[in-house]
Amino acid sequence: MRSRLHPMLLMLLLLPLLNACVAVIATGAVATGSSVHDRRGFGTVVDDKRIQMGAYDTINKDKELVLKNRVMIAVYNGTMLLMGEVRTPELKQRAQTTVTGFEGVQRIVNEIEIMEPEGFWTRRNDNKITARVKLALADATSVPGFDATRVKVSTAHRVVYLMGIISHAEDEIVTELARNVPGVERVVKVFEYRGE
């Protein structure tokens with residue numbers, strides 16, 4: 001009996017370590033899958049995700065920013081985009097100051113609006129707009145070789161934010177498609193342009 005318990009006990013002790021391996025493999029698979037068509041390198045994709053998670057963690061430590069406002073963060077190729085709503089200009093600056101200094105961030109674009117935070121249904125509508133824009137971009141066939149997964153789409157209070165490394169021709173098509181999606185009030189481009 002004792003000889004059978006020892007291997008079982010060892011397996012139980014190793015189980016948490018195996019879960020961590022599965023999580024690392026799954027994260028790598030997701031990052032690899034999303035970076036197949038990405039113009040960023042694999043390491044940059046991983047770095048952008050790390051920066052985004054770290055920035056959210058830092059923002060979440062400031063209870064006033066978290067509980068009475070909404071700060072959203074997107075990171076693409078070292079550019080950090082801040083979106084959402086805060087009640088005062090001081091809180092807008094505080095949000096930016098809070099996330100300044102992350103290694104790998106080349107610039108911060110602060111598009112946070114100064115207004116009362118919007119409710120659940122407005123946020124849900126923003127999510128629908130994001131999905132509609134992504135769907136519209138998937139139909140962009142007039143630019144040879146264009147891949148919609150190369151454009152990161154975010155929405156806050158009916159304003160669509162577009163990030164990516166694209167050509168000027170792709171910019172024109174993508175922007176026009178996004179503008180024509182029902183519910184979109186404005187499109188903000190945070191693109192980097194590749195050589196053509």
At what distance, to the nearest 0.5 angstrom, does [atom1] of [X] lie from [atom2] of [Y]?
X: Leu82; Y: Ile73; atom1: CG; atom2: CD1; answer: 6.0 Å
X: Asp171; Y: Tyr193; atom1: CG; atom2: OH; answer: 3.5 Å
X: Thr130; Y: Asn125; atom1: OG1; atom2: CG; answer: 9.5 Å
X: Ile129; Y: Arg124; atom1: CD1; atom2: CZ; answer: 13.0 Å
X: Asp47; Y: Phe42; atom1: CG; atom2: CZ; answer: 10.0 Å
X: Lys152; Y: Asp38; atom1: NZ; atom2: CG; answer: 9.5 Å

- Message: Counting only heavy atoms from other residues, nucleotides and ligands, does the tally under 6.0 Å from CD of Gln93 exceed 12?
- Response: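 Atom CD in Gln93 is packed in, count exceeds 12.
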Indicate the atoms forming the closest heavy-atom contact of [X] with [Y], along with that distance.
X: Ile114; Y: Pro89; value: CD1-CA, 3.6 Å
X: Gln52; Y: Ala74; value: NE2-CA, 4.1 Å
X: Val174; Y: Phe191; value: CG1-CZ, 4.0 Å
X: Ala95; Y: Ile59; value: O-CD1, 3.9 Å
X: Arg123; Y: Pro117; value: NH2-CB, 4.5 Å
X: Tyr56; Y: Val71; value: CE2-O, 3.7 Å

- Using only heavy-atom distances, determine whether the side chains of Gln96 and Thr100 contain a donor-acceptor pair under 3.5 Å.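 Thr100 and Gln96 do not have a side-chain donor-acceptor pair below 3.5 Å.
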- Query: Will you find, in the side chains of Thr149 and Asp147, an N or O donor that is under 3.5 Å from an N or O acceptor?
  - Reply: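 A pair is found: one side chain offers a donor N or O, the other an acceptor, under 3.5 Å apart.
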Do [X] and [Y] sit within salt-bridge range, that is, some charged N less than 4.0 Å from a carboxylate O?
X: Asp48; Y: Arg40; value: yes
X: Arg87; Y: Glu64; value: yes
X: Glu170; Y: Arg39; value: yes
X: Arg158; Y: Glu118; value: yes

- Run the numbers on Val133 and Leu137 for side chain to side chain contact (heavy atoms under 4.5 Å, CB included), then give the verdict. CA-CA 6 Å; Val133 170; Leu137 296 184; 4.2 Å; yes
Going only through I, L, V, M, F, W and Y residues with side-chain contacts under 4.5 Å, is there a path from [X] to [Y]?
X: Ile173; Y: Val184; result: yes
X: Val187; Y: Tyr76; result: no
X: Val105; Y: Ile112; result: yes
X: Met72; Y: Leu162; result: no
X: Val45; Y: Leu81; result: no

- Message: With salt bridge (charged side-chain N to carboxylate O under 4.0 Å, His left out) as the criterion, how do Asp126 and Arg70 come out once you've worked through the C-alpha distance, each side chain's angles and the decisive distance to 0.1 Å?
- Response: CA-CA 13 Å; Asp126 285 344; Arg70 178 174 73 142; 3.4 Å; yes
- Message: Working note: Thr155 + Asn127, criterion side chain to side chain contact (heavy atoms under 4.5 Å, CB included); need CA distance, chi angles, decisive distance, verdict.
- Response: CA-CA 7 Å; Thr155 307; Asn127 292 338; over 6 Å; no
- List the steps and the verdict of salt bridge (charged side-chain N to carboxylate O under 4.0 Å, His left out) for Asp62 and Arg94. CA-CA 10 Å; Asp62 187 325; Arg94 185 158 127 193; 2.8 Å; yes
- Task: Apply the test salt bridge (charged side-chain N to carboxylate O under 4.0 Å, His left out) to residues Glu113 and Arg186: give CA-CA distance (whole Å), side-chain angles for both, the deciding distance (0.1 Å), then the verdict.
- Result: CA-CA 13 Å; Glu113 296 285 339; Arg186 188 165 56 101; 3.2 Å; yes
- Task: Take Thr88 and Lys92, measure what side chain to side chain contact (heavy atoms under 4.5 Å, CB included) needs, and give me the verdict at the end.
- Result: CA-CA 7 Å; Thr88 67; Lys92 177 178 179 173; over 6 Å; no
